[in-house]
Structure formats: C-alpha cells, structure tokens
There are 2 protein chains.
Amino acid sequence: MATIRDIAKLAGVSVTTVSRVLNNHPYVSDKKKEAVLKVIEEINYKRNIHAVHLSKGFSNLIGVVLPKIDHPYFSSIVEGISEEAIKHHLQLVLFQTNYEPAKELEALELLRGTLLDGVIFCSRAISFDVLKEYKNAGPIVLCEDSDQSHFPSLSIPHEQAFQFGLDYLISKGHTKIAFTLGRMEGPNSKKRRKAYKTKMKELGEPIRSEWIFDKCLSITDGKQLMEKLQHLEKKPTAFFVTNDQVAAGILLSAEQYKIKIPQDIAILSFDNQPIADIMGITTIEIPIRKMGKLAVQSIIHCKEKREQTNKKMTLPFRLIERKTV
Amino acid sequence: MATIRDIAKLAGVSVTTVSRVLNNHPYVSDKKKEAVLKVIEEINYKRNIHAVHLSKGFSNLIGVVLPKIDHPYFSSIVEGISEEAIKHHLQLVLFQTNYEPAKELEALELLRGTLLDGVIFCSRAISFDVLKEYKNAGPIVLCEDSDQSHFPSLSIPHEQAFQFGLDYLISKGHTKIAFTLGRMEGPNSKKRRKAYKTKMKELGEPIRSEWIFDKCLSITDGKQLMEKLQHLEKKPTAFFVTNDQVAAGILLSAEQYKIKIPQDIAILSFDNQPIADIMGITTIEIPIRKMGKLAVQSIIHCKEKREQTNKKMTLPFRLIERKTV
DNA sequence: CCTTGACCTGAAACGCGTTTCATACATTAT
DNA sequence: ATAATGTATGAAACGCGTTTCAGGTCAAGG
C-alpha cells in the first residue's frame, strides 16, 4: 500500500504538502497541488483511515443503542438518525442490546476508547449511576423523558401526553380505563404510570393492577392482550396502549372475540406510524424521526463546542383522531 | 492519556510485555502479568482503539447496506446480522441508501479504506460492473439471488419459489394471476418475472402488463393496490405479492371495496413475518434472519481465510398455508 | 525604507499499539 | 550428553496521516 510519503517522493514535495492537499488546506501552490493530485490519481492512492483516526483522535462514527431494530418505533428513530447523520458525514454503529446492560456498556466502552464520537441511547436498561461514569467519555444523548440533568435528553412530555390522552378518553365518556406499557420500569413508562395514578385519583377510580399490562410492544402482544381480557372479571371500556402495534394487534383479533371497537372497547395508542393511518387507529403522534434528527444534532453540538450540554428537549405531541375511540 | 509505554515504565517491564498482557499472549510470567494488570487498574488505562486498528490493519467493523431500515424485511435481516455479529465481536455500520448509488459507494470506499472489514449488501442499486471494481477491497456478500460468480450470494431460489407459489395458486384453481414486485429491475424481481412468464406460457395465459405492479413494498402500497384494482378492466382472481406487508395492506382495505378474501381474490405473499401469522396470510417463508446470520459467517470466512469465495448459497423456502388462498 | 501579515514549504515530532527479531534460559527428546 | 523445543523478555521497527514549528518570500501599509 502506498503511503503519503511515497506520494511526496514521487511528486517532489514534502509529506506535509501532500497532507495539505488531502485536507484542502489553502496554503498550497496550484503547481504542487496539481503534481500531488496527479500522483494520487496515477497510483490510485487511498488514505489509510485508521491512521487518520489515530492522528485526529476521532472517527466520525456514532453509536446507536437500542433493544431491537426489528420494531417500528426503533427503526423509525434510526431512520431519523440516519438521515441527519448522512448530512454530517457521520456513520452509524448499531448496538442491538435486547436490553442487556453488558451490550449497552460495550457501546460506552467504545465511546471511552474514542472509537465512537458519541452515543445515542434510543432506550436503555443500565442504571443512571452507571451511565454517569461515562459522563466524560464523550457526548451521550438519551431519547427519553428524563428528570436527570447530566445528559441531554429528548422526548415528548410523557406525563402530560398520557394525561392528555386520558382526558380525551374521559371526554368520550370513559372512566374504566386500562393501559399497557413497554417496560414497567422504563423512564417513559414511569411517567405514564404517574399520569394514570393522578388522573384516576381525580376521577375517584381505583387503580386496578390487573388493568396495567407490562411488556406490550408488538402486534402479537396486542393480540395476546385480547386473550387476557377474556379472563378479566371486571372489564375496562377503554385501552390506552403503548403504541400503534399493540393497537393493531387488538384490532386484528377483536373480531374473533366478538368485540366491537370502539363500541365495546375504545383504543388509544401512541406513535402514529403508517399502520395507524391504515387501520384507522386513534393515536397520539410522537415525532419519532424528528427525535432521531435532533439526537444527532445534539451530538454534533457537544462535539464541536467540546462542552457537555444537559439540555432537556421536549418535543410536541398531538392527537390524531380516527376511528378507535 | 496514558499509553502502553507509561504502563511499561510503571510496571518495570517492556512495552512488548504490556502488549502481550493486553492481548492474552501466553508467554508472560505470572509475576509480570500481575504487575502490568495492577498498573492498568490503578491508572484506569484504556487502550486507544485507533492505534490498535492502525497496527492490526483491520477494525472489526462491518458495513450493512440497505435502502431503508424502516421496513420489516430489512430490519429482520439486520437483526439476524446483528445476532451473529455480536457472537464474533463485530460491530455493524449501517448504510441507509435509499437506493442511491452514491451512498452504496460510500460503504465500498470505506471497505477499500479498511475502515470496514466487510460489506453486506441487503439489496443494491449499483451495477454489477461497478461492484466488481471493489472485488479486491475486501469481503462483500450479496443477499440476492445472483447469477454472477464473483461474490458470495445468499438467497432463496426466487425463480423456483415463485413458480412453486404459482403452482400452488393454480392448484387452487387460479389462472388469472396478478403479481407485485418491489423493484422491477431488482435481481430477485427479475427471477420472479421470469418464473411468471414461464408459467403463464405453460398455462396459455397472456402476460398482461397491467397485472404487474411495481414498487409495492409497504402496507400502504398494498392498500393503494386495491384502489388500482378498481380501475382494471379485467380482474385477476389471485394476487401474488412482494411480501406480507403488501398482503396486509390488501387485507386491511379489502372490506371497504367489498372484496372477500380468498373468495373474490386470493392473496399469496412472501416472507412470513409475524403480521402474516396474525392476519392469517398464506405466505412463502423466507428465512430472513438466517440469511443475515449466514452473511456474517461468509464475511468472517473470507476474512479469516484471506480468500475470496464466490459461493452461491441457496436457502430453503416453504409454503405456510393460512387463510388467504 | 521598514514593518506587518498573508502565503508557502518542509523537517520533525506526534498519536499509540503490535509485531518481528534476537537473545537467553529451561525442558524434553534422542 | 547433545540437539531440539518451549518459555520468557525486550529493543526496535512498523503501520501512516496530521500538526507544530521554524524559515522563507512577497506585497501592502506606514
């Protein structure tokens, strides 16, 4: 493999000059620049990117950690991230963690080892205390409704949004409201639970733990929910679910249980993915792609200013009324 | 930042010994090993990964190029790739190309620049001739039903599978069969078209170009298909579609057009994603995750043996009979 | 005429872990 | 007893682009 020194020799200039040409530094005479370019062309020289990274100390790689790429919510975030990353010539390194802390740590270790210029947590399982140990390793952004003030975070206000959704259901005459969560102890879920508690108290309704369903994320989960519903002694009149996939699962299996939606049970979900449009699901839109985009911008900001921000960014949500409430 | 030389000094050994400890080389006495480990612990030393990459000449990064991560087919492949990659301590760099050749080339250039140890094409837009120029840049695997013999490829036999599907529809009494494709000129689509042509000839049925629908990939596309169907003068009795998403879109909008499935129109699709199970879609299963897994293994194989294979790997498909045919 | 600053160039140092090669002692095998 | 292995260790070279620093030229400003 040819090196910059070979080129320097062949072009009759110094390695510095070659480097300058490679990096578009202005202080190179046209004559030398041409000579260098000519040699580069002739021997089909390719820069050794590892050497570049070693010298510069960074890599234009950013880590994206998420539990499962094969879920519309996460693949949408990644799409948002990807679009923005391309604009800034950043590459994405994917960490599919399945919520295993060890795999999340791997990304953080690579951040510390400067392989990654930053890490975006689309969701996380590791504790906040562990995360804080990597505070100085490089830019970290969290896509969650976070109360901490150590890392920038990015989310809709889940508590407000959930209350808003509950108010909507209540305005439609519902008071018997069940709900589902992705992960009971996830940061966003905690907010949703809190909102539920508050609102049920307001209504004077009891909190029935059997009306709170954990680990509901996919269409399949939604389908199974209908099965579980059969065994419930007291049945809710509305379901406020994790996302459009769960809602879709419910809709798709409602018929076989002879349940009419929204007459028997109303369904309200989050996200507003394409499937919500197609199936007529009433949902609270989350600007998922926008979140991804802003996450990248935040990383870039931290990187350029060489400063750690801890800005909490709150994105807007909105109700999309369709046919399930 | 502390370097390996600092450690050597503090531990009273040579840098070589430190490197050996770091790499678990057996020829280090327990005494020295302990001393080194102790110093590493004390000063919280972290290896500079760029220096490692520069020395070793590779990076444990592999590129994954695909048009859109936000599609179940591709996110499933990536999931398969990811699971296998984790086992081998490889990281994935994602290239979302939208089928723009320039972005595919970016991945190839990074392969040539040794940032990437290999590239997996989940789908591609660039021509084969261009691809061949990167033959020596490093391992490249194509997830497509390919006729070339320059790169390893990985796919179900699309022509056979499509014929098989057609035979199945024919056995159910259909001869008026329309079909959809993702990209008319994609390698897999070509095979499917070929199979269609052959089979229609056998049947003595004409090839109606208006029964061939291009760019059908998503649920939304499936929905729009039903709209287009209305304007067809002569209507097919069966639809053989790109994937389960398109089938789902058809099913979800069939009711509004008062079309009964399978009575009025039978639907057969590819993939066997979870949605096919939930909606009762009859489909031809493609082992998508397995493809991802094998793609990684192929890259590793090429990397280790330092040889370019060009093996064409054919995976099995199978019919999953459900309720749409 | 002299100072200042923009422009141009290159030698050498820098970033840092890995690998090769030479050396030396301890075992085993013959 | 001697040759052949295996174990252990370190100096120096290697991978290669970037950056700093010093030195030099030339035109504009005072």
Side-chain angles (χ1 to χ4, degrees), chain A residues 1-37 39-40 43-61 89 109-110 112-117 138 306, chain B residues 1-37 39-40 43-61 89 109-110 112-117 137-138 303 306:
Chain A
M1 263 290 129
T3 75
I4 209 182
R5 279 160 237 270
D6 299 327
I7 294 173
K9 247 178 233 157
L10 289 168
V13 300
S14 70
V15 293
T16 315
T17 300
V18 178
S19 177
R20 281 198 260 259
V21 171
L22 252 19
N23 292 285
N24 287 314
H25 190 288
Y27 289 175
V28 183
S29 65
D30 289 349
K31 208 184 295 176
K32 300 213 171 189
K33 189 169 181 174
E34 256 175 56
V36 170
L37 255 18
V39 174
I40 286 177
I43 65 174
N44 191 27
Y45 166 79
K46 297 289 163 188
R47 221 190 311 214
N48 181 321
I49 208 142
H50 299 307
V52 177
H53 291 337
L54 176 59
S55 296
K56 298 222 186 206
F58 62 82
S59 61
N60 288 329
L61 252 35
H89 297 283
E109 282 298 333
L110 290 176
R112 176 128 74 193
T114 70
L115 175 67
L116 302 176
D117 289 353
R306 293 296 219 71
Chain B
M1 262 289 134
T3 75
I4 211 181
R5 279 159 238 268
D6 299 327
I7 295 173
K9 249 178 231 159
L10 289 168
V13 300
S14 71
V15 293
T16 315
T17 300
V18 178
S19 178
R20 279 198 261 259
V21 172
L22 253 16
N23 292 286
N24 288 314
H25 190 285
Y27 290 174
V28 182
S29 65
D30 289 349
K31 206 185 296 174
K32 300 215 170 187
K33 188 169 181 173
E34 256 176 57
V36 169
L37 254 18
V39 174
I40 286 178
I43 65 173
N44 190 28
Y45 166 78
K46 297 288 162 189
R47 216 185 319 209
N48 181 322
I49 207 141
H50 298 306
V52 177
H53 291 337
L54 175 59
S55 294
K56 299 223 186 204
F58 62 81
S59 61
N60 288 327
L61 253 33
H89 297 283
E109 282 298 333
L110 290 175
R112 176 127 76 192
T114 72
L115 176 67
L116 302 175
D117 289 352
K303 206 178 126 188
R306 296 294 219 70

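First the proteins, then the strands, lettered A, B, ... as listed; each starts at 1. All values below come from the heavy atoms of this structure, side chains included, with hydrogens, waters and symmetry mates left out.
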>> Reading DNA chain D from 5' onward, which residue's closest nucleotide shows up sooner: Ala51(B) or His25(B)?
In response: His25(B)
> Closer to the 5' end of DNA chain C via nearest nucleotide, is it Pro26(A) or Ser19(B)?
Replying inline: Pro26(A)
> Heavy atoms under 4.0 Å, any strand shown: does Tyr45(B) hit a base, just sugar-phosphate, or nothing?
Replying inline: sugar-phosphate
>> Output the rounded distance in Å from CD1 (Ile4(A)) to C1' (dC16(D)).
In response: 8 Å
> Ser14(B) and Thr17(B): side-chain donor and acceptor closer than 3.5 Å?
Replying inline: yes
> Nearest heavy-atom pair of Val36(A) and Ile7(A): which atoms, and what distance?
Replying inline: CG1-CG2, 4.2 Å
>> Please determine whether side-chain contact (heavy atoms from CB on, under 4.5 Å) holds for the pair Asp6(B) and Met1(B), giving the CA-CA distance in whole Å, both sets of side-chain angles, and the decisive distance to 0.1 Å.
In response: CA-CA 10 Å; Asp6(B) 299 327; Met1(B) 262 289 134; over 6 Å; no
> Given atom CG of Asn48(A) and atom P of dG15(C), what is their separation to the nearest angstrom?
Replying inline: 19 Å
>> Rounded to whole Å, how long is the line connecting atom CD of Glu34(A) with atom P of dT9(C)?
In response: 13 Å
>> Using OP1 and OP2 only, check whether a side-chain N or O of Ser55(B) sits under 4.0 Å from dC14(D).
In response: no
> Which part of the nucleic acid, if any, lies within reach of Val28(B) when heavy atoms closer than 4.0 Å are counted: base, sugar-phosphate only, or nothing?
Replying inline: sugar-phosphate
>> Once salt bridge (charged side-chain N to carboxylate O under 4.0 Å, His left out) is applied, what residue pairs with a partner in residues 43-59 of chain B remain, sequence neighbours excluded?
In response: Glu109(A)-Lys46(B)
> Run the side-chain contact (heavy atoms from CB on, under 4.5 Å) check on Val15(A) and Thr3(A) step by step: do they pass?
Replying inline: CA-CA 10 Å; Val15(A) 293; Thr3(A) 75; over 6 Å; no
> How long is the line joining CG of Asn24(A) and P of dT18(D), in whole Å?
Replying inline: 11 Å
For nucleotides 10-12 of chain C, which of its nitrogen or oxygen atoms have a protein nitrogen or oxygen under 3.5 Å away, and what is each distance?
{"from": "dG10(C)", "atom 1": "OP1", "to": "Lys32(A)", "atom 2": "NZ", "distance (Å)": "3.0"}
{"from": "dG10(C)", "atom 1": "OP2", "to": "Ser14(A)", "atom 2": "N", "distance (Å)": "3.3"}
{"from": "dG10(C)", "atom 1": "OP2", "to": "Ser14(A)", "atom 2": "OG", "distance (Å)": "3.4"}
{"from": "dG10(C)", "atom 1": "OP2", "to": "Thr17(A)", "atom 2": "OG1", "distance (Å)": "2.8"}
{"from": "dG10(C)", "atom 1": "N7", "to": "Arg20(A)", "atom 2": "NH2", "distance (Å)": "2.7"}
{"from": "dG10(C)", "atom 1": "O6", "to": "Arg20(A)", "atom 2": "NH2", "distance (Å)": "3.4"}
{"from": "dA11(C)", "atom 1": "N7", "to": "Thr16(A)", "atom 2": "OG1", "distance (Å)": "3.4"}
{"from": "dA11(C)", "atom 1": "N6", "to": "Thr16(A)", "atom 2": "OG1", "distance (Å)": "2.6"}

>> One pair to check against side-chain contact (heavy atoms from CB on, under 4.5 Å): Ser59(A) and Asp117(A). What are the steps and the verdict?
In response: CA-CA 6 Å; Ser59(A) 61; Asp117(A) 289 353; 3.4 Å; yes
>> With a 4.0 Å limit, can you tell me whether Asn23(B) has a side-chain N or O closer than that to the phosphate oxygens OP1/OP2 of dT18(C)?
In response: yes
> How close or far is atom P of dC14(D) from atom CG of Leu54(B), stated in whole angstroms?
Replying inline: 14 Å
> To the nearest angstrom, how far is His53(A) atom NE2 from dG15(C) atom C1'?
Replying inline: 14 Å
>> Can you measure His50(B) atom NE2 to dG17(C) atom P for me and round it to whole angstrom units?
In response: 12 Å
>> It should be established whether Tyr27(B) places a side-chain nitrogen or oxygen under 4.0 Å from OP1 or OP2 of nucleotide dA8(D).
In response: no
> Do you know which two heavy atoms are closest between Tyr45(B) and Ile4(B), and how far apart they sit?
Replying inline: CE1-N, 4.1 Å
> In whole Å, what is the span from the CE atom of Met1(B) to the P atom of dC14(C)?
Replying inline: 19 Å
